[in-house]
**Q** 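Sharing a structure below in structure tokens format, with a few things to ask.
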4 protein chains.
Amino acid sequence: MIKTDKRADIMDVALNLIAERGFHDSPMSLIAREAGVAAGTIYRYFESKDALILALTRNLEDRINETVQDEYPAGESIREKFLYMNRAILKYFMSYPRHFLYMEQFSISPYGISNRKEKLLGKSDRNKIMIDIFERGVEQGILKALPISAIFALAFGPLQTLMRDHILGFLRLDEATIEQVTQACWDAIKK
Amino acid sequence: MIKTDKRADIMDVALNLIAERGFHDSPMSLIAREAGVAAGTIYRYFESKDALILALTRNLEDRINETVQDEYPAGESIREKFLYMNRAILKYFMSYPRHFLYMEQFSISPYGISNRKEKLLGKSDRNKIMIDIFERGVEQGILKALPISAIFALAFGPLQTLMRDHILGFLRLDEATIEQVTQACWDAIKK
Amino acid sequence: MIKTDKRADIMDVALNLIAERGFHDSPMSLIAREAGVAAGTIYRYFESKDALILALTRNLEDRINETVQDEYPAGESIREKFLYMNRAILKYFMSYPRHFLYMEQFSISPYGISNRKEKLLGKSDRNKIMIDIFERGVEQGILKALPISAIFALAFGPLQTLMRDHILGFLRLDEATIEQVTQACWDAIKK
Amino acid sequence: MIKTDKRADIMDVALNLIAERGFHDSPMSLIAREAGVAAGTIYRYFESKDALILALTRNLEDRINETVQDEYPAGESIREKFLYMNRAILKYFMSYPRHFLYMEQFSISPYGISNRKEKLLGKSDRNKIMIDIFERGVEQGILKALPISAIFALAFGPLQTLMRDHILGFLRLDEATIEQVTQACWDAIKK
DNA sequence: CATGAATGAGCGTTCATTCAT
DNA sequence: TATGAATGAACGCTCATTCAT
């Protein structure tokens with residue numbers, strides 16, 4: 001695989017454009033112009049627009065996973081682990097709102113669907129951790145006796161709505177609110 | 001006189017196509033073909049693609065509102081009202097999964113953003129009810145002391161993830177699970 | 001040929017629309033709507049849009065010819081005849097500016113070209129008179145020894161520019177100015 | 001780098017097509033085909049059809065102005081200046097009959113109207129010269145005491161009719177006729 | 001005779017992708 | 001490697017015309 005600065009530039013520009021304008025209003029020619037390369041150059045690094053999007057998404061997922069895994073309180077209680085993760089995700093997206101907007105665009109696209117399929121079949125690292133927490137929590141009777149994907153929905157579903165409102169300016173997510181909301185998510189899943 | 005069933009056919013086809021492929025991968029020519037009419041015919045019923053989408057969305061929102069308002073337990077406690085509404089939304093979308101997928105496409109589109117703004121400013125009927133429940137609940141100390149939009153996120157955010165998983169076949173939403181999940185959402189918002 | 005009020009209504013509406021918006025911005029559907037008939041109805045009276053335009057033009061030419069022939073000073077000098085005709089044309093178009101605008105649209109269209117060809121081959125009444133005046137004038141040595149079509153251009157060419165400026169509001173054509181301009185046209189062609 | 005000759009090819013083809021068929025019967029696809037390029041290629045050189053038309057018109061006006069200004073007899077009498085200009089315009093269009101037909105199409109289009117407004121407000125170079133001759137002529141009592149736009153109509157109105165007849169083959173504009181006609185235009189405006 | 005819903009070719013324009021340089 | 005001019009299929013939309021009622 002080719003690796004240069006240009007590749008990173010292209011991905012960065014594409015991420016920002018897609019986050020703000022969506023996939024279909026982010027033509028390759030615009031991505032190229034903003035990245036300071038010729039249109040044809042993108043095709044040296046990515047086979048197609050689809051391939052660029054896929055690479056972008058994988059990249060983003062990796063970054064988010066890294067953030068979450070960093071300082072992960074391995075030795076703490078399930079509750080602590082959950083609160084940490086929930087907070088970490090929220091704060092990550094507050095730091096990188098474009099990443100959130102991008103992932104939202106992605107999640108409902110055809111790519112997003114098949115991506116999600118893979119996820120729930122339990123391949124990626126992030127999911128390993130989550131399933132681990134949630135499965136363990138259910139087993140130990142700490143969490144409600146629900147399918148993992150339902151627990152997942154209760155735990156992280158609200159974050160998506162919250163982030164959207166925050167980014168659109170409908171809601172101010174300060175430290176206190178984050179704490180309350182995170183705790184509320186815990187209330188939803190704990191037995 | 002305009003025959004309403006051709007108009008309905010077009011809307012129905014458009015809804016299904018957009019739900020499955022998104023706005024940009026549902027060209028007017030395809031909608032026309034699937035609806036069994038010529039491309040130009042759509043424009044007798046809808047001024048533009050935007051107008052079609054708007055009509056479609058309004059229509060769907062009305063149907064969902066009707067469903068929710070139907071048998072609404074006006075005299076019951078806030079908890080009962082909430083559980084009823086949560087269940088009603090879930091069941092509606094389980095009956096009409098395409099409507100869910102459509103609304104998801106819509107929610108992140110530019111139309112969806114401004115629509116959401118209106119919602120939070122409290123114009124539509126459905127929202128009046130919701131804000132009414134939530135505001136009252138917070139005032140009475142039954143719900144957590146959080147901004148309405150945060151309560152909203154905790155209450156309905158999980159449904160979106162749940163529905164997606166259900167539709168994709170990752171999760172079977174039977175009566176018992178619905179009940180548990182709905183209760184869990186209540187746990188998230190109740191004081 | 002079918003003859004009713006509707007036919008006249010359609011022609012009237014078409015004339016006004018075309019004068020103001022041009023041929024291509026005057027769709028049959030609009031003509032129909034403004035004339036208070038259904039789109040298909042126009043085709044009872046005119047085989048096609050082209051046929052409508054042709055009929056409209058012939059009709060207009062007839063009206064102009066009638067106006068000019070009316071009160072034509074048959075017994076007067078060539079100069080008087082010419083001044084009369086020049087004034088009559090100018091005044092007709094000042095009364096019916098839409099007719100002028102229509103004819104201008106028409107004159108440069110493909111229809112207009114072939115129409116003009118017929119004209120100069122000397123079939124229509126108006127032309128008979130004009131050619132008569134001009135040919136006689138040249139023969140008698142009253143007018144310059146130029147080809148008839150050149151005399152024609154000198155005599156009536158200015159009127160077109162004048163009318164355009166008048167209608168667009170660039171020039172006020174009052175009685176005195178009309179008199180001066182008409183006289184100037186005579187200066188151009190007289191020996 | 002943009003190759004100027006493709007741009008020139010497109011303009012040339014567009015000019016010829018529009019001159020012969022009018023704006024609305026000269027689709028971009030046809031212009032492209034005749035210019036030997038793909039439809040999309042035109043849009044590398046012109047932002048839109050309107051932009052192409054604008055460029056074409058400006059280009060033509062510049063060429064005509066250059067022709068007229070070239071060898072302009074600055075030191076001569078008003079009469080000489082006028083005769084020179086009149087002849088120059090006539091000869092230019094005889095050399096480039098398509099340019100005449102194009103300008104005629106243009107003059108009655110919406111673009112043409114606003115263009116004419118600008119002209120009469122005296123912005124363009126050509127008009128500066130003309131207004132200069134005509135205003136000076138009227139002031140000095142050499143020309144008839146008429147509004148400038150009326151003088152303009154008398155001076156150049158005949159040329160339009162003349163050119164049309166010449167191009168359509170109804171009139172042979174040889175040197176002698178040009179001289180006579182030009183002199184006749186002077187007779188129309190001189191006191 | 002009149003209607004107006006329906007047609008579908010054609011319009012101006014966009015954009016992912018290719019390829020000669 | 002990098003370029004960017006060129007491509008052409010596809011898009012949203014218009015409108016002259018037809019035809020079942």
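Numbered from 1 within each chain, the chains take letters A, B, ... in sequence-line order. Source: prediction; values computed, not measured.
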**Q** Just how far, in rounded Å, is C1' of E/dA5 from OH of B/Y43?
**A**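 My rounded result for the distance is 17 Å.
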**Q** A/K6 side chain N/O closer than 4.0 Å to the phosphate oxygens (OP1, OP2) of F/dA2?
**A**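 For A/K6, the contact criterion (side-chain N or O under 4.0 Å from OP1 or OP2 of F/dA2) is met.
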**Q** Measure from the side chain of A/M28, starting at C-beta and using heavy atoms only, and say which of F/dA16, F/dC13, E/dT17 lies closest.
**A**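 Taking heavy atoms from C-beta onward, the closest nucleotide is E/dT17.
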**Q** Taking the side chain of D/Y45 as heavy atoms from C-beta outward, which of F/dA5, E/dA5, E/dA16 is closest to it?
**A** F/dA5
**Q** Working to the nearest 0.5 Å, report the span between CZ of B/R7 and CG of B/L52.
**A**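 Between B/R7 CZ and B/L52 CG, I get 8.5 Å after rounding to 0.5 Å.
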**Q** So which one's nearest nucleotide on DNA chain E is more toward 5', B/T41 or A/S26?
**A** B/T41
**Q** Do A/M11 and A/F46 come within less than 4.5 Å of each other through their side chains, counting heavy atoms only?
**A** yes
**Q** On DNA chain F, nearest-nucleotide positions of B/G40 versus D/A38: which is more 5'?
**A** D/A38
**Q** With a 3.5 angstrom cut-off on both distances, give the Watson-Crick or G-U wobble partner of F/dC19, or none if there isn't one.
**A** E/dG4
**Q** Hey, which sits more toward the 5' end of DNA chain F by its nearest nucleotide, A/V37 or B/D25?
**A**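 This one resolves to A/V37.
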**Q** Between E/dA6 atom P and B/D9 atom CG, what is the distance in whole Å?
**A**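 Value for this atom pair: 10 Å.
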**Q** Once you round it to whole Å, what is the distance between C1' of F/dA6 and CZ of D/R33?
**A** 17 Å
**Q** More than 12 non-hydrogen atoms from neighbouring residues, nucleotides or ligands closer than 6.0 Å to CD on D/E47, yes or no?
**A** no
**Q** Could you tell me which nucleotide pairs with F/dC11 by Watson-Crick or G-U wobble geometry, both distances under 3.5 Å, or answer none if nothing does?
**A** E/dG12
**Q** Of all heavy-atom pairs between B/L15 and B/L56, which one has the smallest distance, and what is that distance?
**A** N-CD2, 3.8 Å
**Q** Without decimals, in angstroms, what is the distance between A/R21 CZ and E/dT14 C1'?
**A** 13 Å
**Q** Round to the nearest Å and state the distance from A/F46 atom CZ to E/dT18 atom P.
**A**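 Rounded to the whole Å, the gap is 16 Å.
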**Q** Work out which heavy atom in B/R164 is nearest to a heavy atom in A/I108; give both atom names and the distance.
**A**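 Closest approach of B/R164 to A/I108, heavy atoms only: NH1-CG2, 3.8 Å.
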**Q** E/dC1 and F/dT21: how far apart are their C1' atoms, nearest whole angstrom?
**A**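 Comparing C1' positions in E/dC1 and F/dT21 gives a spacing of 13 Å.
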**Q** Taking atom P of F/dT17 as reference, at what distance in whole Å does atom CG of C/L52 sit?
**A** 10 Å
**Q** Is the phosphate of F/dC11, meaning OP1 or OP2, less than 4.0 Å from a side-chain N or O of B/S29?
**A**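 Yes, such a contact exists.
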**Q** Tell me which of C/G36 and A/K49 sits closer to the 5' end of DNA chain E, going by the nucleotide each one is nearest to.
**A** C/G36
**Q** Rounded to the Å, how far apart are B/L30 CG and F/dA9 P?
**A**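 To the nearest whole Å, that distance equals 19 Å.
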**Q** What's the CZ-P distance between B/R44 and E/dA6, to the nearest Å?
**A**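 Going from CZ in B/R44 over to P in E/dA6 covers 7 Å.
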**Q** Which nucleotide in the list F/dA16, F/dA5, F/dT7 gets nearest to the side chain of A/A39?
**A**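 Looking only at side-chain atoms, A/A39 lies closest to F/dA5.
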